[in-house]
Amino acid sequence: MIVAQQLSKRYGEKTAVDRLDFTVKPGMVTGFLGPNGAGKSTTMRMIVGLDAPTGGSVTVNGRRYAEHGAPLQEVGALLEAKSIHPGRSAFNHLNTLALTHGIPRRRVDEVIELTGLQAVARKRAGAFSLGMGQRLGIAAALLGDPATVMLDEPVNGLDPEGVLWMRNLLTGLAAEGRTVFVSSHLMSEMALTAEHLIIVGRGRLLADTTVKELIRQSGGDTVKVASSDPARLREVLAGPGVDVTGRSGSEELLVTGLTARAIGLKAAEHNIALFELVTKGVSLEEAFMELTRDAVEYHGNTTTPGFESAESTENAETVGSAA
Ligand SMILES: Nc1ncnc2c1ncn2[C@@H]1O[C@H](COP(=O)(O)OP(=O)(O)OP(=O)(O)O)[C@@H](O)[C@H]1O
């Protein structure tokens, strides 16, 4: 369990982390998201005592990191690429860590196997690919069999097989009851891996929510329905918690608060012919972009081809009209 209370970090005039309050709970993967420069790495560094907060506090399993007698057994972290002596083998690197932290030798073999490094464990780490280096960093993070695991961009540099392996590893660690806190810019991957999300922008907390709820709030449960009699359909669908919008003269309505199935049944009951009935999907990426639109520090000046596609524009409208 990680608990941040009014956690803040200033670098001179720059406030990198601004009064963050959040709790990362055990038994699930929590994604830590935010645009570049939002303060994710700084927050993670403060969690493991590599940076000192200028305000507030953060604890792991009830204590500040420095107060733990055996921190590697408490929280395992993969932060930015580790500096490993290039001449040292993966095995020697892990074994030295284990020896200096009172961790048994058999655990070194276990993490080497867990991270799929058996074939290269005796090779010089300096010759490792980015993906292998990433696996070695994860092996080191898991060495102390910690109840809390924190990884900054763990899928960086991994090939598709590696990404899948990472997904299974993270969900497996969470299923064992561990606290798993992971930052990533890969929204599609986070949507598959994380259950809970903490989203920051310009150092501030923007959302502390589930993946499902974030998508729902962005209009992910909106149904588009086209019918022969939109005015009459609007009447029969009206009810508590139901919101119906549509342009005058258009056959289309956008409905929130009812499933496509419920809308279809109501329409049939009142003999209203339907031409289209679609639940509109909103991806985590779209929900994230909408939430963080005003918190992006570094804007590019090019438009991604296809981003302004009919579908995206449609979704943006849906969000607007449903709000
Ligand atoms: N040592 C430092 N000195 C001064 N400013 C810093 C320092 N470390 C970070 N910052 C600033 O603090 C802000 C937050 O940076 P941080 O690296 O925590 O963001 P991030 O969310 O991890 O970004 P990214 O997604 O790009 O890794 C940025 O504006 C950054 O420039």
Side-chain angles (χ1 to χ4, degrees), residues 2-24 29-60 64-66 75-83 130-131 133-134 137-138 141 148-158 163 166 170 179-191 193-194 196-209 211 214 283-302 304:
I2 302 169
V3 179
Q5 287 173 319
Q6 292 289 296
L7 183 66
S8 306
K9 179 73 186 178
R10 290 180 70 90
Y11 293 107
E13 288 297 292
K14 174 87 196 172
T15 303
V17 175
D18 196 0
R19 289 162 289 158
L20 283 188
D21 285 309
F22 63 80
T23 298
V24 186
V29 177
T30 299
F32 192 29
L33 312 182
N36 288 131
K40 303 179 297 295
S41 299
T42 305
T43 300
M44 288 181 145
R45 290 171 60 80
M46 288 194 283
I47 292 172
V48 290
L50 290 171
D51 254 336
T54 46
S57 66
V58 62
T59 59
V60 181
R64 284 190 295 116
Y65 185 82
V75 51
L78 171 78
L79 299 182
E80 69 268 16
K82 284 260 153 56
S83 48
L130 192 57
Q134 203 68 340
I138 288 157
T148 299
V149 180
M150 187 175 77
L151 310 170
D152 196 2
E153 297 279 350
V155 292
N156 251 4
L158 296 184
V163 172
M166 177 61 67
L170 296 179
T179 301
V180 183
F181 193 40
V182 188
S183 80
S184 181
H185 287 293
L186 286 181
M187 293 300 140
S188 53
E189 199 42 45
M190 277 288 112
T193 315
H196 202 87
L197 297 175
I198 289 167
I199 305 179
V200 288
R202 295 184 193 273
R204 293 264 179 100
L205 187 71
L206 297 180
D208 182 346
T209 187
V211 173
L214 181 70
S283 66
L284 178 59
E285 182 153 26
E286 286 164 320
F288 173 82
M289 299 275 259
E290 187 197 317
L291 183 74
T292 58
R293 196 182 297 141
D294 299 330
V296 175
E297 290 208 33
Y298 311 108
H299 284 283
N301 56 5
T302 52
T304 310

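Atoms within each ligand, like the ligands themselves, are counted from 1 in listed order. Only this structure's heavy atoms are used, side chains among them; waters, hydrogens and symmetry mates stay out.
The shortest non-hydrogen separation linking L78 to A141 is N-CB, 4.2 Å.
Those atoms of ligand 1 with a heavy atom of S41 less than 4.0 angstrom away are 17 (O), 18 (O), 20 (P), 22 (O), 27 (O). Annotation for ligand 1: atoms under 4.0 Å from non-hydrogen atoms of A38 are 19 (O), 20 (P), 21 (O). Atoms of ligand 1 found under 4.0 Å from any heavy atom of N36 (numbered from 1 in listed order, with element): 23 (O), 24 (P), 25 (O), 26 (O).
No side-chain N or O of R64 forms a donor-acceptor pair with one of T59 less than 3.5 Å apart.
By the side chain to side chain donor-acceptor pair (under 3.5 Å) test, Q5 pairs with no residue at all, sequence neighbours left out.
For H185, the closest heavy-atom approach to ligand 1 falls below 4.0 Å.
Residue-level proximity to ligand 1 for E153 is absent, since no heavy atom of it falls below 4.0 angstrom.
In terms of polar-atom proximity, defined here as any N/O pair under 3.5 Å, T43 makes no such contact with ligand 1. In terms of polar-atom proximity, A16 is not counted as a contact of ligand 1, lacking any N or O under 3.5 Å from an N or O of the ligand. The N/O atoms of G34, backbone and side chain alike, include none that comes under 3.5 Å of an N/O atom in ligand 1.
Distance CZ/R10 to OG1/T15: 3.5 Å, rounded to 0.5 Å.
The only option from L170, L197, T179 that meets the side chain to side chain contact (heavy atoms under 4.5 Å, CB included) definition with V29 turns out to be L170.
Within the 3.5 Å criterion, the main-chain N or O of S283 finds a donor-acceptor partner in the side chain of E286.
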